[in-house]
Protein chains: 2
Amino acid sequence: MSSIDKALDALFLLSERGQALRLGEVAHGLGMPRSSAHRILAPLVKRGLAEQDADGRYRAGFALMALGLNAASREPLAAAARPVLEAAADELGETFFLVVARAGRLVVLEKAEGNGFLRAAPRLGAGVPVHATAAGKLYLAHAPEQVTVDEFTRYTPATPRSRRALDLEVERARSQGYATNLEEWQPGLAVAAAPVLAGGRLYGVVALATVSARFSALGLTTITRRVIHAAEGIALRIEGRTP
Amino acid sequence: MSSIDKALDALFLLSERGQALRLGEVAHGLGMPRSSAHRILAPLVKRGLAEQDADGRYRAGFALMALGLNAASREPLAAAARPVLEAAADELGETFFLVVARAGRLVVLEKAEGNGFLRAAPRLGAGVPVHATAAGKLYLAHAPEQVTVDEFTRYTPATPRSRRALDLEVERARSQGYATNLEEWQPGLAVAAAPVLAGGRLYGVVALATVSARFSALGLTTITRRVIHAAEGIALRIEGRTP
DNA sequence: CATGGTTGTTCCGTTATTCGGAACATATAT
DNA sequence: ATATATGTTCCGAATAACGGAACAACCATG
């Protein structure tokens, strides 16, 4: 394991914990002595990726934010999707978000939250499983080379058990033009998603997430129509035809 | 120079260039042979901090965005400032932003852009010099221990030449309760700023930036009143009294 | 005030890792 | 077919990482 790996471990550790950590806590979290942790952290602090408060505690640094915002601003897809997602979220009062494949994994690129007290609130940049989500089914249907199904963790009783069971869902998603996920990932969570197809390529997936009860109340046709409409709206903006 | 340093150099290089870079370009940018650059990049790619496109080119990775957004969400000051800055920007049609000190340097934490065709558009997370900005003067006046004046680069003819000249400006900023920067950093750019003081501590600086011509047209009293009002508004929110 | 425990930091001989030229595999252009 | 470019792998020499121990500063408690 290279020292770069260890430094990145430290970086992610600080980012995940969120709060300021003692040197000993970092060392314990990385499984190394304090002196080693100190040496690892020094370059991170020098670049502003980690910071030390007045008590010497370490926390995620500010330069991290600059790097991240820089990366985000260079994602034209997120910019194209934002107004469409917000319009859809305002209209239905439910959470809409955009999922894309990056390095074989599915991540949340942009979102617009609904206004319910109980609402889906995905974290930007967070990963979602392929085999237990509507977005995963659509990616397997339209661009299987962009994602990898490495595991079949059973999150709930409704989670697809095997590749064969999943493929049935994938085939249905392809023919229908949308996919659903009824508590296959998280209990109580229902999702409908539609592909953002432009120029024959899959750019991402628009998803609506809500509580199962409200999903049934709204009705499948209402939901799918709105999700497909949003996905097509984003596809139009990608192609430059922004009416 | 540690290998961690080199990896971070590579990370910043990819972030700054913005576009996908060939391995040779990265190697040249870091001043090392291609094989070394390749080895340095491997752990970054593994963690998603760097990515490779279909042609093998390297660019800033998606995980960077997740880390940055995570760090940003943990900045309560930015959350407190956003609505205040947006209200001010809407009212005057000029760009308002919040500058804070992090690790001895001044950085832009949050912003709300004006609506002019020619308008100030600072990059989030970007650094600004201490000796040639209104924000720098206010930090030197209220919390000199949080910033370091390491250089006196002469950006324009109006840039303060020496520590003595700067101290005069700092003293004026302290007594007036606000600071100005009339083309001391960038030609044509005029800024007025006010301190966000809460509980006797300086949390940051609110600044209004615009073209010099509009600065004069609006008038100093109008501008300072609005900037001070915004800074006080943020201070109130920090102290928990959010009316 | 002394003391025991904690903190972050520095030191240094041993050891494991990084280094980079060269060779390789692949793709595109001449 | 040849030439030049790419990203990747290999391996002995050179170097930087390792971590226990010692240090300095702090804060409780006796």
Side-chain angles (χ1 to χ4, degrees), chain A residues 1-15 17-64 102-104 145-146 148, chain B residues 1-64 101-104 145-146 148:
Chain A
M1 188 189 213
S2 75
S3 62
I4 299 176
D5 274 310
K6 293 167 193 166
L8 298 183
D9 276 343
L11 202 57
F12 279 85
L13 180 71
L14 290 176
S15 175
R17 296 290 178 87
Q19 51 186 332
L21 296 181
R22 308 230 77 109
L23 179 62
E25 297 178 279
V26 176
H28 182 260
L30 302 177
M32 56 173 65
R34 290 210 316 279
S35 60
S36 297
H38 182 263
R39 183 167 29 76
I40 296 288
L41 286 167
L44 297 177
V45 170
K46 193 169 66 182
R47 290 295 196 321
L49 294 176
E51 288 175 4
Q52 281 187 282
D53 59 19
D55 299 341
R57 278 189 289 260
Y58 291 88
R59 56 187 171 83
F62 190 81
L64 215 50
R102 287 286 184 276
E145 75 286 355
Q146 288 191 44
T148 54
Chain B
M1 188 188 213
S2 74
S3 62
I4 299 175
D5 275 309
K6 293 166 192 168
L8 299 183
D9 275 345
L11 202 58
F12 278 87
L13 181 71
L14 290 176
S15 176
E16 285 162 10
R17 295 290 179 86
Q19 50 186 334
L21 295 180
R22 311 230 75 109
L23 178 62
E25 297 179 279
V26 176
H28 182 260
L30 301 179
M32 57 173 64
R34 292 210 315 277
S35 61
S36 297
H38 182 263
R39 183 168 28 76
I40 295 290
L41 286 167
L44 296 177
V45 171
K46 193 169 65 183
R47 296 286 158 70
L49 293 177
E51 288 176 5
Q52 280 187 283
D53 57 21
D55 299 341
R57 279 189 290 260
Y58 291 89
R59 56 187 170 84
F62 191 81
L64 216 49
R102 286 286 186 278
E145 76 285 354
Q146 288 192 44
T148 55

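Below, chains carry the letters A, B, ... as their sequence lines are ordered, and counting in each starts from 1.
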Could you check if a side-chain atom of [X] sits within less than 4.5 angstrom of a side-chain atom of [Y], using non-hydrogen atoms only?
| X | Y | result |
| --- | --- | --- |
| A:I40 | A:M32 | yes |
| A:M1 | A:K6 | yes |
| A:R17 | A:F12 | no |
| B:L49 | B:L14 | no |

Sidechain-backbone polar pair: B:E51 side chain, B:V45 backbone, donor-acceptor under 3.5 Å = no
List the residues meeting side-chain contact (heavy atoms from CB on, under 4.5 Å) with [X], not counting sequence neighbours, and say none if there are none.
| X | value |
| --- | --- |
| A:E25 | A:L21, A:R22 |
| A:R34 | A:L23, A:A27 |
| A:A42 | none |
| B:Q146 | B:A101, B:Y139, B:A143, B:R201 |

Taking only side-chain nitrogens and oxygens of A:H38, does any of them come within less than 4.0 Å of OP1 or OP2 of C:dT9?
-> yes
Overall bend - the helix from C:dG8-D:dC23 to C:dC24-D:dG7, comparing terminal axes fitted on five pairs, nearest 10 degrees | 60°
Taking side-chain hydrogen bond (donor to acceptor under 3.5 Å, both in side chains) as the test, write out the residues that go with [X], two or more places apart.
| X | result |
| --- | --- |
| B:S3 | A:S3 |
| A:R47 | B:D5, B:D9 |
| A:S35 | none |

Strictly below 4.0 Å, heavy-atom distances to any atom of DNA chain C: list the hits from residues 14-31 of chain B, or just say none.
-> none
Within residues 41-62 of chain A, the residues having a heavy atom closer than 4.0 Å to DNA chain C are A:Q52, A:G56, A:Y58
Nearest non-hydrogen partners of A:I4 and B:P43, listed with the distance | CG2-CB, 3.7 Å
Closest approach of B:A7 and B:L44, non-hydrogen atoms and distance?
-> O-CD1, 3.6 Å
For nucleotides 12-18 of chain C, which of its nitrogen or oxygen atoms have a protein nitrogen or oxygen under 3.5 Å away, and what is each distance?
from   : atom 1 : to   : atom 2 : distance (Å)
C:dT18 : OP1    : A:S3 : N      : 3.1

Along DNA chain D, first and last positions that approach a heavy atom of chain B under 4.0 Å | D:dT6 to D:dA17
Could you state the interatomic distance from CG (B:L41) to NZ (B:K46), rounded to the nearest 0.5 Å?
-> 13.0 Å
